[in-house]
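Below: one structure, written as C-alpha cells.
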Number of protein chains: 2
Amino acid sequence: MTSDPQSPPSDHTSPVGFRAHDHDSCVETALAAAEAQCKERGLRMTPVRRKVLEMLLQEHRAMGAYAILDRLREAGFGSQPPVAYRALEFLVKNEFAHKIERLNAFVACSHPGAAHSPAFMICRKCDAVAEAMAATAKGGLGAAARAAGFEIERAVVEAEGLCPDCTEKAQ
Amino acid sequence: MTSDPQSPPSDHTSPVGFRAHDHDSCVETALAAAEAQCKERGLRMTPVRRKVLEMLLQEHRAMGAYAILDRLREAGFGSQPPVAYRALEFLVKNEFAHKIERLNAFVACSHPGAAHSPAFMICRKCDAVAEAMAATAKGGLGAAARAAGFEIERAVVEAEGLCPDCTEKAQ
DNA sequence: ACTTGTCATGTTATTTTATATCATGTATGT
DNA sequence: ACATACATGATATAAAATAACATGACAAGT
Ligand SMILES: [Zn+2]
Ligand SMILES: [Zn+2]
Ligand SMILES: [Zn+2]
Ligand SMILES: [Zn+2]
C-alpha cells in the first residue's frame with residue numbers, strides 16, 4: 001500500500017515526520033531493523049506485533065488502539081482490545097513505538113535501536129507526528145529537577161502545533 | 001473548610017516543588033489570587049469551580065476527575081461526570097489548573113497569573129507533582145522545530161521519577 | 001417588572017480508552 | 001516427549017471522557 005507513489009528520490013532526512021521521503025523503503029528498512037533487534041535481544045517479533053508495527057510505520061502518524069484493532073480484525077487477527085494493547089505494550093516497552101499521551105495514541109519510533117528519550121511534534125491539523133531526540137537531562141527542566149532533588153527517570157515531551165504543510169495551506 | 005482540623009503547626013509537608021511549606025496559607029493565597037484574576041478578566045468563579053480549585057490546591061498532587069467528582073458529591077454538588085469535567089475545563093482553560101496527560105489527572109497551577117508553559121515533575125511513588133517553568137522555545141526541541149518548519153503552539157513536558165522524599169526512603 | 005440572551009448546572013445516556021481474568025495455544029530447552 | 005515460559009484469544013469490566021438536552025441563574029436592555 002503506497003501512500004505516495006511518486007515521492008521525491010532521496011530526501012530521507014532527519015525529522016522524518018514532515019519531510020517527503022521514500023516511504024515504502026522507509027517502512028521496509030524499519031521493519032527489518034526491528035526484526036534484527038529482536039533477534040539480537042531475544043525478543044519475539046510475532047505476526048500480530050509485526051503487523052501492528054507495520055501499520056504504524058505505514059501511517060506515519062499517531063493511531064489509536066481501536067483503529068489499530070479494526071485493522072487487525074480486517075487482517076484476520078483477534079478482534080478484542082487486549083490483542084491490540086498487548087502488541088502495543090510490547091512495541092512500546094522495547095522502544096519500537098511510542099505512546100503519545102496527549103492523543104492516547106501510538107506512533108512508530110523514528111530512531112529504533114538508539115536508546116533515547118523522544119520529543120514529539122504533533123500537527124493539530126493533520127495529526128502527523130515527527131520525533132526528535134530530547135535532551136531532558138540538560139535544559140531548564142534538568143536544572144530545575146536537580147535543584148529540587150528530583151530524579152528524572154523518564155520524560156514525556158509533546159509539542160502541539162502546525163506542521164510545515166499545514167502552515168503553508170493556512171496562508 | 002480545612003480538610004485536617006488539627007493539622008500540626010508546621011509539618012504540613014505536602015510538596016510544593018517537594019518543599020515543606022505553610023499549606024493552609026498557600027491554599028488561601030492561591031484561591032484569593034484566582035478570585036482576583038477572575039474579577040479582572042470577567043470570568044465567573046462559581047461555587048463548583050472554586051470547590052474544585054480548592055481541592056486541587058489542598059491536595060497539591062494530581063487528582064483524577066472521578067476522585068474530584070466523589071468529593072463534589074460529598075460536598076453536595078452534582079454527582080455526574082460533566083460536573084467535574086466542566087469545572088476542570090474552566091480551570092485548565094484559564095490556567096488555574098493543568099492536566100497531567102500521563103496520569104489523566106489534574107493539578108492546581110503553581111504560577112497562577114503568569115502566562116506560562118509548564119513542565120512537571122511527577123513522583124511515581126507518591127504522586128506528588130511539582131511545576132516548573134519550561135522554556136520550550138529554547139532547548140533542543142525548539143531548535144528541532146525550527147529546523148523542521150514546525151510551529152510550536154503548546155507543549156506538554158512531564159518528567160516522571162522519584163521525589164526527594166521517596167528517594168530518601170528508598171535507601 | 002418583563003423580556004431576552006448568555007452562561008452555568010444538572011441529568012441521562014453513550015462513547016472511548018484501558019485492564020483483569022481465564023482458557024488455550026505455541027515456541028523452546030531438556 | 002515433557003516442562004516451562006511466553007503469546008494469543010475471548011469474556012467481562014473498569015476508567016476516562018463526551019454528547020445531548022432540560023433547567024436554572026443572572027445580567028442588560030426595555
Ligand atoms: Zn523513538
Ligand atoms: Zn499538518
Ligand atoms: Zn501553571
Ligand atoms: Zn514521592
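So you know, we letter chains A, B, ... as the sequences are listed, proteins then strands, and number each from 1. When reading the values below, keep in mind they use all heavy atoms of this one structure, side chains included, and skip hydrogens, waters and symmetry mates.
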Using every non-hydrogen atom in the two residues, find where B:Gly161 and A:Phe150 come nearest and quote the distance to one decimal.
N-CZ, 3.4 Å

Rounding to a whole Å, what distance do you find between [X]:[atom1] and [N]:[atom2]?
| X | N | atom1 | atom2 | value |
| --- | --- | --- | --- | --- |
| B:Leu72 | C:dA8 | CG | P | 16 Å |
| A:Phe90 | D:dC6 | CZ | C1' | 11 Å |
| A:Phe77 | D:dA10 | CZ | P | 13 Å |
| A:Leu103 | D:dA16 | CG | C1' | 16 Å |
| A:Met63 | C:dT16 | CE | P | 16 Å |
| A:Lys51 | D:dT8 | NZ | P | 15 Å |
| B:Ile100 | D:dA17 | CD1 | P | 13 Å |
| B:Glu101 | D:dA16 | CD | P | 14 Å |

Can you identify which nucleotide, out of [options], has its nearest atom closest to the [X] side chain?
| X | options | result |
| --- | --- | --- |
| A:Pro82 | D:dA17, C:dA20, C:dG10 | C:dA20 |
| B:Thr46 | C:dA18, C:dA20, C:dA8 | C:dA8 |
| A:Arg86 | D:dT8, C:dA18, C:dT11 | D:dT8 |
| A:Gln80 | C:dA18, D:dA10, C:dG10 | D:dA10 |
| A:Pro81 | C:dT19, D:dA17, D:dA7 | C:dT19 |

Classify the ring geometry between A:Tyr85 and A:Phe106 as parallel (under 30°), tilted (30 to 60°) or perpendicular (over 60°).
perpendicular

Below 30° counts as parallel, above 60° as perpendicular, anything between as tilted: where do the rings of B:His111 and B:His116 land?
perpendicular

Nearest-nucleotide check on DNA chain C, B:Gly76 vs A:Gly64; residue mapping nearer the 5' end is B:Gly76

Given side chains that start at C-beta, do those of B:Asn94 and B:Arg41 come closer than 4.5 Å, heavy atoms only?
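Result yes, sub-4.5 Å side-chain heavy-atom pair found.
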
Using 0.5 Å steps for rounding, measure from the CD atom of B:Glu158 to the CE atom of B:Met121.
12.5 Å

For [N], take OP1 and OP2 only and decide whether either is under 4.0 Å from a side-chain N or O of [X].
| X | N | value |
| --- | --- | --- |
| B:Tyr85 | D:dA17 | yes |
| B:Lys99 | D:dA17 | yes |
| B:Asn104 | D:dA15 | no |
| A:Arg49 | D:dT8 | yes |

Classify the side chain of A:Tyr66 and the base of C:dA18 as holding, or not holding, a donor-acceptor pair under 3.5 Å.
yes

